[in-house]
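The structure under discussion appears below in the form of structure tokens.
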Number of protein chains: 2
Amino acid sequence: MRRSAPTSQDVARLAGVSQSTVSYVLTGSRPISPATRRRVEDAIEKLGYHPNSGARALRSRRSGVIGLMVPEAYGSDAVLMRFVGAVAREAQRFGYDILLVTAQEGARGIHRVVRTGVCEALILMEIGRHDERVAAVVESGLPFVLIGKPVDFPNGSVVDLDFERLGRMVVDRGLELGCENLLLFGEPGHRRHRNDVSRFLLGVEEQSRSTGLNVVLDAGDLPEVPRRARDLAASGGRTAVFGLSGVTEVLFAIAATGALEEPGLQVIALTDEDLAAISPLLATVPRVDPRRVEISERAVRELVRLLREEGATPRVTLVEPEWVQGGASRGSGVGGGGAGGHGSDGTAIEAGGAAEDSGADGTGEIGET
Amino acid sequence: MRRSAPTSQDVARLAGVSQSTVSYVLTGSRPISPATRRRVEDAIEKLGYHPNSGARALRSRRSGVIGLMVPEAYGSDAVLMRFVGAVAREAQRFGYDILLVTAQEGARGIHRVVRTGVCEALILMEIGRHDERVAAVVESGLPFVLIGKPVDFPNGSVVDLDFERLGRMVVDRGLELGCENLLLFGEPGHRRHRNDVSRFLLGVEEQSRSTGLNVVLDAGDLPEVPRRARDLAASGGRTAVFGLSGVTEVLFAIAATGALEEPGLQVIALTDEDLAAISPLLATVPRVDPRRVEISERAVRELVRLLREEGATPRVTLVEPEWVQGGASRGSGVGGGGAGGHGSDGTAIEAGGAAEDSGADGTGEIGET
DNA sequence: CTGAAAGCGCTTACAG
DNA sequence: CTGAAAGCGCTTACAG
């Protein structure tokens, strides 16, 4: 039943060439005549040959495997799998496999996969403000990308949603919709220590200060949100309701039932398009897409760039949130300029030598060199 | 910055032994004197040595990597990540890493990871009724485990929730709560083709037939569920409401807002404990835990058994759903006997040589030999 | 209880 | 444009 897999030796024999020629056809590191190439490719096809990954890794020091360090699941982790799936698919496109490393393993996990050589590059998710893993991955010397931008990060590639801009966008949209208040739920206050939340709040506070929108954090536990919203609207005027974090999507099922469908309330949703499809009523409110698939794919492509481009330097890419419904597309429809700290022309603003690109198309750009 | 990792040669030199002795200490495949072992271990510690995975895999044909074939994300995939995370953590415990293979790759993906030798075993999720991957994985000769039991499966290890029993449990609980109707949502009708749904419906139909509970499928789209439930209760009497699939958890946020809190309605929730924590009101309804972490862990342990036990035969393990709230624990509180097709004493009922264990503790058992 | 040596299947200088 | 050969770092018979 389990015959051992064919080797390049078998392919060479069948094609009538040397074993090294088979290897050269595969790696492309030497010109091969069309006729020879053809014979080798036919033999490969006929035998169903795949190069042994252990031998290849041992010899070339390239395993073809990217380590993905995933955070411990917390609350509703629908969000997490969206990243993981997209990373795996995009890596596949470039011929890489994804190996899971759990956050639980910490810096030791990074050392392990580096030392064993099982991974030739790493993607880390949800880096905290003072995270031992950053030092570990930098020290490892392997190419790496962070999904999720720490507030302060010395040098290295990052791909993340532009949360600060998201904050400004939500404030602007609330104003545009004639609201006097913005009620935030999903515990943004409690989770201020999280990089994404703190950056989001930075944007909200900045933009609300300059525009006069009244912002209320901490709407309380989930079931209390509708009541808090109604109270706020009754006492303080028209109120926009917005929730951050993975909890949001669950919460919007609430909105979908009509609990928040009242004249004085205006829901703004942060949700993936396909999740929106679950609840038809979500189609009626302005939605902003957190672009998780886009971010995951860009993270992989950035890593591939670092792996394949000689002397490539790390890059910070902030992807713009995108209005899907109830606003201009591309995220640039509302107060695009704002009081933002980064330009829209590719200005480098990061310390430590990393360049931040924010292309004219509303997302950071990764240049091909 | 990136000095190359130390080798077993380096360890041997430092410990003053031969390179093979280092290897024997690591593999444990030969008795080593305590003194020598000690010196080797110290050297390993001092150098931070980890054996090169490529070399090890090349020589031993054991990569230490388990492939996990994950389904394409659909709808709310919170559920998926719960499996993936638990599988990764449990594999870690046994010294294995998890490599993601996307369902998108299909049978070709299985051939690839088998032929390259990158995986030495496989876990497959969400096998369909006629799935090309089953033939591929059987033919590969690698040890494998399915998470999710196809209705008909020839021979091989399976770990899954006992969906048939879940069906019976829900019917019994509904009756116990004085209901005359059971409204099922989460599109159980449309998704009848899915293995889990069809097995669940089998249990529901069987038990409702023998008890006279009126079962209604297809409660419609999410937002319509509360109205349908109220209508049913008004015309037909007290109604239990139960939803299958990942959508359930989102839906229960609806219940949590009180949309289903009416005298004639009785919500029964299928949800992980930690998700229940999001919504305090969930604590007030009977909940049944789909035991995803338990299933994932058992899948890994079953695979480890196949990998390490000489001549181990595949085994089918059905994990019992567990009442968490509003019922006896351990799932055996309600109609434990039922009209079920499997005993509670470890009787083998599967065709094709696979044995089904259903231990007295309410879950299938994996014996250590 | 330990060592010297072969060899897993590749990639890549070295040669022609 | 192609081949013969070294060697990546292990594991595991073969020897003592």
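Order of the sequence lines sets the chain letters (A, B, ...), proteins ahead of strands, with each chain counted from 1. Every value quoted in this text rests on a predicted model; they were computed, and no experiment measured them.
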With a 4.0 Å cut-off, would you call [X] and [Y] a salt bridge?
X	Y	answer
Glu105(B)	Arg108(B)	no
Arg298(A)	Glu294(A)	yes
Arg13(B)	Asp10(B)	yes

For Tyr24(B) and dT12(D), say yes or no: do the ring centres fall under 5.5 Å of each other while the ring planes differ by less than 30°? yes
For Arg115(B) and Tyr49(A) the tightest heavy-atom approach is NH1-N, 4.4 Å
Looking at the base of dA4(C), is there any donor atom on it, or on the side chain of Ser20(B), that sits under 3.5 Å from an acceptor on the other one?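 Checked by distance alone, the answer is yes.
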May I ask you to list the residues of residues 28-38 of chain B, by number, that have any heavy atom positioned under 4.0 Å from an atom of DNA chain C?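 When residues 28-38 of chain B is checked for heavy atoms under 4.0 Å from DNA chain C, the hits, listed by number, are Arg30(B), Pro31(B), Ile32(B), Ser33(B), Thr36(B).
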So, [X] side chain and [Y] main chain: donor-acceptor pair closer than 3.5 Å or not?
X	Y	result
Ser8(A)	Gln19(A)	no
Ser157(A)	Arg315(A)	yes
Arg39(B)	Ala15(B)	yes
Arg305(B)	Pro314(B)	no
Glu132(B)	Ala107(B)	yes

Test side chain to side chain contact (heavy atoms under 4.5 Å, CB included) applied to Gln92(A) and Asp97(A), step by step: CA-CA 6 Å; Gln92(A) 193 60 54; Asp97(A) 276 313; 3.9 Å; yes
Whole angstrom value for the distance that separates [atom2] of [N] from [atom1] of [X]:
X	N	atom1	atom2	answer
Arg39(A)	dC1(D)	CZ	P	14 Å
Asp10(A)	dC10(C)	CG	C1'	13 Å
Leu26(B)	dT11(D)	CG	P	6 Å

Bracket notation of DNA chain C in which parentheses pair within the strand, [ ] cross earlier pairs, and | pairs with another strand (Watson-Crick or G-U, under 3.5 Å): |||.||||||||.|||
Counting the atoms with a prime plus P, OP1 and OP2 as sugar-phosphate, which does Ser23(A) contact under 4.0 Å by heavy atoms, base, sugar-phosphate, or nothing? base
Taking any heavy-atom pair under 4.0 Å as a contact, classify Val17(B): base, sugar-phosphate, or nothing. sugar-phosphate
Short side-chain N/O contact from Thr21(B) to OP1 or OP2 of dG3(C), under 4.0 Å: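 True: Thr21(B) side-chain N/O within range (under 4.0 Å) of dG3(C) OP1/OP2.
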Check: protein-nucleotides 6-9 of chain D nitrogen or oxygen pairs below 3.5 Å:
| unit_1 | atom_1 | unit_2 | atom_2 | d |
| --- | --- | --- | --- | --- |
| dG7(D) | N2 | Arg59(A) | NH1 | 3.2 |
| dG7(D) | N3 | Arg59(A) | NH1 | 3.3 |
| dC8(D) | O3' | Arg61(A) | NH2 | 2.9 |
| dG9(D) | OP1 | Arg61(A) | NH2 | 2.7 |

Where do Glu41(B) and Arg38(B) land on the salt bridge (charged side-chain N to carboxylate O under 4.0 Å, His left out) test, with the steps shown first? CA-CA 5 Å; Glu41(B) 280 167 351; Arg38(B) 188 60 208 271; 5.3 Å; no
